[in-house]
Peer 1: 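Let me give you the structure first, and then I'll get to my questions.
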There are 2 protein chains.
Amino acid sequence: MQDAANRPYHHGDLRRAVIETALDMLREEKGWQFTLREVARRAGVSHAAPYKHFPDKAGLLAEIAMIGFDRLRESLSAAKSEAPETLRDEITTLARAYVAFGTDNPALYRLMFSAEEGKAVGMHLNERALAVFDVLLEILRRGQAAGSVRRRPIEGQAAAGWGLVHGMTMLAIDGLLVPEKVGSAPLDAALSTLVEGLGNPAT
Amino acid sequence: MQDAANRPYHHGDLRRAVIETALDMLREEKGWQFTLREVARRAGVSHAAPYKHFPDKAGLLAEIAMIGFDRLRESLSAAKSEAPETLRDEITTLARAYVAFGTDNPALYRLMFSAEEGKAVGMHLNERALAVFDVLLEILRRGQAAGSVRRRPIEGQAAAGWGLVHGMTMLAIDGLLVPEKVGSAPLDAALSTLVEGLGNPAT
DNA sequence: GATACATTGTTGACAGTGGCTACTTAAGCG
DNA sequence: CGCTTAAGTAGCCACTGTCAACAATGTATC
């Protein structure tokens, strides 16, 4: 990335540079097909250099996927901190943040949920994914304690929430939420239905 | 696939054979990476032969994805025909059939929703995908007419349904619906929540 | 029937890929 | 200065998708 001339022999922080470059590549939403050699090329380094820092291609991708989950979690935390008071609004705000993360980083989001096909680093990845799930669990638990959420096994309700936002995110990324079929604000509409289903009718 | 000796020079129906072979390969749930040459190999034909029937790899995949959507639609129709009478049960039955199709054909289902990244055959593919959506629309419309579904823009409610089943299917395929986190029957639980949200509280 | 054409498969080549190993260079340290 | 060793390089391998040239087969026309 810098002039080949004044670049020191030892990159110094190639590991971080490789990850950064890869994330950049994921961002440019071309029908991009990720190639390790291209990453090295852009980082201004030889095609085998990344192997000094990552076991193989899948290893790099797994690491990036984990970073993705971390960032998603951060996005959700940020959204939660500035969420309105009512539970319904809090859920809506969070769901919007979730889907926005996916549509803003489509390639990354896709990677996050397909990287463990290789199953190498599976466990660590799943842990991070499920950490996101915990955010949802916590909210519902609070809602249930306050009586505004139906008294049902909370995991099932959280599963409904996660499944819905994950599905909507994927459909949006795939361009399947075309307005003429699905209305102008499909996410908000779907969220209304969900919140209705979560809500305690007794209140 | 037959003896190389008595195999005639012209295959006769290579197009169908290639598709069939590819579907078989998708079925074997190895961390399989789909390669055109392997398809040709299994079909007992030279590595370039498929190019006489498909423009390129993406073309073949797109065709297979379309077949996938057709089959999904058939599965749903079959499930609908033998569905119980109440609307709630009908929706549940259909949703179960949908998710089952995905978990039974994970590689195919994944392909169906990532094939159009190449965007070549995008429109035809989207048409078939949205045809699946129509099944859902029809049910809800009927339910609304009968008064058992909330009076809301129907597209939004259908979007909620599609998003939920699609999301649950993907999570299940990715092995993210681990019981200790998400309960023993996450799909049924999620469906309860959804149906609750769809249902008309006045009835 | 024989001949010209079109279709379908085959072969061989090309560039590009992931993965690997042997080599070279730079940097630190006595 | 000479040594070790981490960082980066060059080059090999097997493989892929794709294309162009060629061969075998079917079909239509005279």
Side-chain angles (χ1 to χ4, degrees), chain A residues 1-22 25-26 30-65 107 111 114-121, chain B residues 1-22 25-26 30-65 107 111 114-121:
Chain A
M1 271 311 161
Q2 32 186 322
D3 280 354
N6 56 355
R7 175 163 51 88
Y9 186 86
H10 287 305
H11 185 288
D13 201 359
L14 184 54
R15 179 166 232 278
R16 177 185 310 270
V18 165
I19 292 181
E20 211 65 39
T21 306
M25 288 173 59
L26 256 352
K30 313 289 295 181
W32 197 220
Q33 77 164 348
F34 191 93
T35 144
L36 243 196
R37 280 166 128 98
E38 175 70 14
V39 178
R41 223 166 284 145
R42 294 204 193 191
V45 101
S46 83
H47 67 250
Y51 283 91
K52 294 288 169 182
H53 301 272
F54 304 93
D56 58 0
K57 186 187 180 185
L60 170 59
L61 288 181
E63 182 126 357
I64 290 177
L111 172 67
S114 62
E116 41 95 30
E117 265 190 304
K119 290 185 177 184
V121 211
Chain B
M1 272 312 165
Q2 33 187 319
D3 281 352
N6 56 355
R7 176 164 50 86
Y9 188 87
H10 285 306
H11 183 287
D13 201 1
L14 185 54
R15 179 167 230 276
R16 177 185 311 269
V18 164
I19 292 181
E20 213 65 39
T21 306
M25 288 172 59
L26 257 351
K30 312 290 294 180
W32 196 220
Q33 76 165 347
F34 191 94
T35 150
L36 209 44
R37 280 172 120 103
E38 176 69 15
V39 178
R41 222 166 285 146
R42 294 204 192 192
V45 101
S46 83
H47 66 251
Y51 281 89
K52 295 292 165 174
H53 300 271
F54 305 92
D56 57 1
K57 186 185 181 184
L60 170 59
L61 289 181
E63 182 126 358
I64 290 177
L111 172 66
S114 61
E116 42 95 28
E117 266 189 304
K119 289 185 180 187
V121 212

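Here is the naming used below: chain letters follow the sequence lines, and residue numbers restart at 1 for every chain.
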Peer 1: Tell me the closest heavy-atom pair linking B:E38 and B:M25, and the distance in Å.
Peer 2: CG-CE, 3.6 Å
Peer 1: Would you say the side chain of B:H47 lies within less than 4.5 Å of the side chain of B:R41, judging by non-hydrogen atoms?
Peer 2: no
Peer 1: Please find the pair of heavy atoms, one from A:A43 and one from A:T21, that lie closest to each other, and give the distance.
Peer 2: CB-OG1, 4.0 Å
Peer 1: By side chain to side chain contact (heavy atoms under 4.5 Å, CB included), which residues pair with B:A40, not counting sequence neighbours?
Peer 2: B:V45, B:P50
Peer 1: Could you work out, with side-chain hydrogen bond (donor to acceptor under 3.5 Å, both in side chains) as the rule, every residue matching B:R37, not counting sequence neighbours?
Peer 2: none
Peer 1: Return the polar atom pairs (N/O with N/O) between nucleotides 4-6 of chain C and the protein under 3.5 Å, or none.
Peer 2:
none

Peer 1: Summarise how protein sits on nucleotides 18-23 of chain C as a single string, 5' to 3': B when a protein heavy atom is under 4.0 Å from the base, S for sugar-phosphate-only contact, - for no contact.
Peer 2: BBB---
Peer 1: Please identify each residue that fulfils side chain to side chain contact (heavy atoms under 4.5 Å, CB included) with A:L60, with sequence neighbours left out.
Peer 2: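 Per chain and number, A:L60 pairs via side chain to side chain contact (heavy atoms under 4.5 Å, CB included) with A:V18, A:I19, A:F34, A:L36, A:F54, A:I64.
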Peer 1: Check side-chain hydrogen bond (donor to acceptor under 3.5 Å, both in side chains) between B:E20 and all other residues, then give those that pass, not counting sequence neighbours.
Peer 2: none
Peer 1: To the nearest angstrom, how far is B:F54 atom CZ from C:dG9 atom P?
Peer 2: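 In whole Å, C:dG9 P lies 11 Å from B:F54 CZ.
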Peer 1: Nearest-Å distance, CG (A:L14) to C1' (C:dT25)?
Peer 2: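 Those two atoms, CG and C1', are 16 Å apart.
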Peer 1: Which atoms form the tightest heavy-atom contact between A:A49 and A:L14, and what is the distance?
Peer 2: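 Smallest heavy-atom distance, with atoms named: CB-CD2, 3.8 Å.
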Peer 1: Report yes if a side-chain nitrogen or oxygen of B:R41 is closer than 4.0 Å to either non-bridging phosphate oxygen (OP1 or OP2) of D:dT16; otherwise report no.
Peer 2: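 So the side chain of B:R41 is within the cut-off, an N or O lying under 4.0 Å from OP1 or OP2 of D:dT16.
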Peer 1: Does OP1 or OP2 of D:dG8 have a side-chain N or O of A:H53 closer than 4.0 Å?
Peer 2: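 For D:dG8, OP1 or OP2 has a side-chain N or O of A:H53 closer than 4.0 Å.
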